[in-house]
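Quantities reported herein were computed from a predicted structural model and do not represent experimental measurements. This chain uses plain numbering: 1 for the first residue, then up along the sequence.
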Amino acid sequence: MTREELLTAYQDIHVVKHPFVKHKLTSLRDKNTSTREFRMLVEELGTLIGYEATRDLETIDVEVETPLEKAMCPVLKGKKLCIVTIMRAGNGLAEGVLKLSPSARVGHVGLYRDPETKQPVEYYLKMPHSVNERTIIVVDPMLATGNSAIMAIDKMKEMGAKDIRFICLFAAPEGIEAFKEAHPDVAMYIGSIDRGLDDHAYIRPGVGDAGDRIYGTR
């Protein structure tokens, strides 16, 4: 599907159009952006897009005492959020989302892409308790084939998670289509839908390997 067809077919694909998001995504694309700046930008974008992904969280009113009087004021309802990072590139994005909710729980899913099959291979999984009672926000900077995100969310659902959202910075149409076929109930919050994948399953124009650029590795 094209970008326009995807947005028409699925109502819960949210491309964040804020000017700061657009500006920072462009800075990420620049091959001359330093490792330090790249890491900072990813974190900042995690906060900006995380704000959109949590816009509809439920609240309840509780009584608080201000310096002047008692008042009924809103607080988040239910258990604390759980931010799930798809390692390793997702870690930088998760730090940005955590700025919105510093007391959130954090889960880790370790996946790497087999260079031959292009399929994800799990090497680590650690989650907080009561996943089924929390809003789960899965984060990964890149959605290329979609296979890693699909597998990570498969794991969340196996643990009983029901309210799951996914955040990424750059996505290929092929990855979005595969993701929505596997998880039509999971809302997506995306910085940019790029042109597509090359023969090595890299997003074009993209940013290259986000994990390598965050951590200064090759």
Side-chain angles (χ1 to χ4, degrees), residues 1-16 45-46 49-58 78-79 81-91 93-94 96-97 104-114 117-128 130-194 196-197 201 203 206 210-211:
M1 291 186 186
T2 66
R3 179 183 187 278
E4 290 69 26
E5 289 171 337
L6 286 166
L7 294 176
T8 300
Y10 304 106
Q11 300 303 309
D12 57 355
I13 298 175
H14 308 278
V15 180
V16 181
L45 284 160
I49 298 178
Y51 178 85
E52 295 298 327
T54 54
R55 181 183 289 275
D56 65 342
L57 292 181
E58 290 187 66
K79 287 188 175 292
L81 291 174
C82 177
I83 301 164
V84 177
T85 172
I86 300 178
M87 301 194 300
R88 63 186 167 137
N91 292 358
L93 201 55
V97 184
R105 303 302 187 249
V106 180
H108 294 81
V109 181
L111 302 171
Y112 70 88
R113 185 170 67 175
D114 185 288
T117 66
K118 306 292 191 296
Q119 295 298 312
V121 179
E122 179 187 332
Y123 65 89
Y124 186 80
L125 178 65
K126 188 74 171 180
M127 292 293 297
S130 306
V131 168
N132 61 315
E133 299 177 29
R134 302 180 189 276
T135 294
I136 308 294
I137 301 177
V138 179
V139 299
D140 195 358
M142 314 297 285
L143 183 77
T145 62
N147 293 331
S148 293
I150 290 168
M151 178 180 280
I153 292 172
D154 284 343
K155 297 290 182 182
M156 300 303 103
K157 289 185 175 179
E158 288 170 10
M159 295 179 182
K162 300 176 182 66
D163 181 3
I164 308 173
R165 298 126 193 255
F166 177 74
I167 291 176
C168 69
L169 301 183
F170 302 95
E174 300 95 320
I176 295 173
E177 188 170 1
F179 182 102
K180 294 307 291 184
E181 286 181 4
H183 297 294
D185 57 324
V186 176
M188 308 178 76
Y189 296 84
I190 301 169
S192 172
I193 300 177
D194 280 15
L197 300 177
I203 299 173

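- Side-chain contact check for M151 versus P120: some heavy-atom pair is nearer than 4.5 Å.
- A salt bridge between K157 and D185 is present, with a side-chain N of the basic residue lying under 4.0 Å from a carboxylate O of the acidic one.
- A heavy-atom distance below 4.5 Å is not found between the side chains of Q119 and L111.
- Residues I190 and I13 come closest through the heavy atom pair CD1-CG2, 3.8 Å.
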Legend entry - I167/V138 under side chain to side chain contact (heavy atoms under 4.5 Å, CB included): CA gap, chis, key distance, verdict: CA-CA 6 Å; I167 291 176; V138 179; over 6 Å; no
Inset, instruction - Apply ring-ring contact (aromatic ring centres under 6.0 Å, His included) to the pair F166 and F179, showing each step before the final yes or no. - result: CA-CA 10 Å; F166 177 74; F179 182 102; 5.2 Å; yes
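- Taking CD1 of I150 as the start and NZ of K180 as the end, the distance is 11.0 Å to the nearest 0.5 Å.
- Under the 30°/60° scheme for interplanar angles, the aromatic rings of H108 and Y124 are found to stand perpendicular.
- S148 OG to D140 CG: the interatomic distance, rounded to the nearest 0.5 Å, is 6.5 Å.
- I86 and A149 get closest at one heavy-atom pair: CD1-CA, 3.8 Å.
- Counting heavy atoms from C-beta on, the side chains of C82 and M127 come closer than 4.5 Å.
- Looking only at distances, no side-chain donor or acceptor of D194 sits under 3.5 Å from a matching main-chain atom of I203.
- You'll find the side chain of I176 stays beyond 4.5 Å of the side chain of R3, heavy atoms only.
- Using a 4.0 Å cut-off between charged side-chain N and carboxylate O, D56 and R165 make a salt bridge.
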Inset, instruction - Begin with the C-alpha distance, continue with both residues' side-chain angles, and end with the deciding distance and a verdict on side chain to side chain contact (heavy atoms under 4.5 Å, CB included) for T85 and V109. - result: CA-CA 6 Å; T85 172; V109 181; over 6 Å; no
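- Considering only heavy atoms from C-beta on, M1 stays 4.5 Å or farther from E174 through its side chain.
- Of all non-hydrogen atoms in A144 and A172, the two that sit nearest each other are O-CB, 3.9 Å.
- L143 approaches C168 most closely through the heavy-atom pair CB-SG, 4.0 Å.
- Taking the side chain as every heavy atom from C-beta outward, V15 and L7 approach each other to under 4.5 Å.
- Taking a 6.0 Å sphere around OH of Y10, one finds it holds more than 12 heavy atoms contributed by other residues, nucleotides or ligands.
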Enumerate donor-acceptor pairs with a distance under 3.5 Å from any side-chain N or O in residues 130-137 to protein atoms, sequence neighbours excluded.
from: R134; atom 1: NE; to: H129; atom 2: O; distance (Å): 3.0
from: R134; atom 1: NH1; to: K80; atom 2: O; distance (Å): 3.0
from: T135; atom 1: OG1; to: D163; atom 2: OD2; distance (Å): 2.9

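- Counting only heavy atoms from C-beta outward, the side chains of H14 and D12 approach each other to under 4.5 Å.
- The two residues M87 and G110 come nearest to each other via the heavy atoms CE-CA, 3.8 Å.
- At a threshold of 4.5 Å between non-hydrogen side-chain atoms, the residues L81 and L57 count as touching.
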Inset, instruction - Go through V139 and V97 one step at a time and tell me if the side chain to side chain contact (heavy atoms under 4.5 Å, CB included) criterion holds. - result: CA-CA 9 Å; V139 299; V97 184; 4.2 Å; yes
Inset, instruction - Output, in order, the C-alpha distance, side-chain angles, deciding distance and verdict of side chain to side chain contact (heavy atoms under 4.5 Å, CB included) for E177 and L6. - result: CA-CA 7 Å; E177 188 170 1; L6 286 166; 4.2 Å; yes
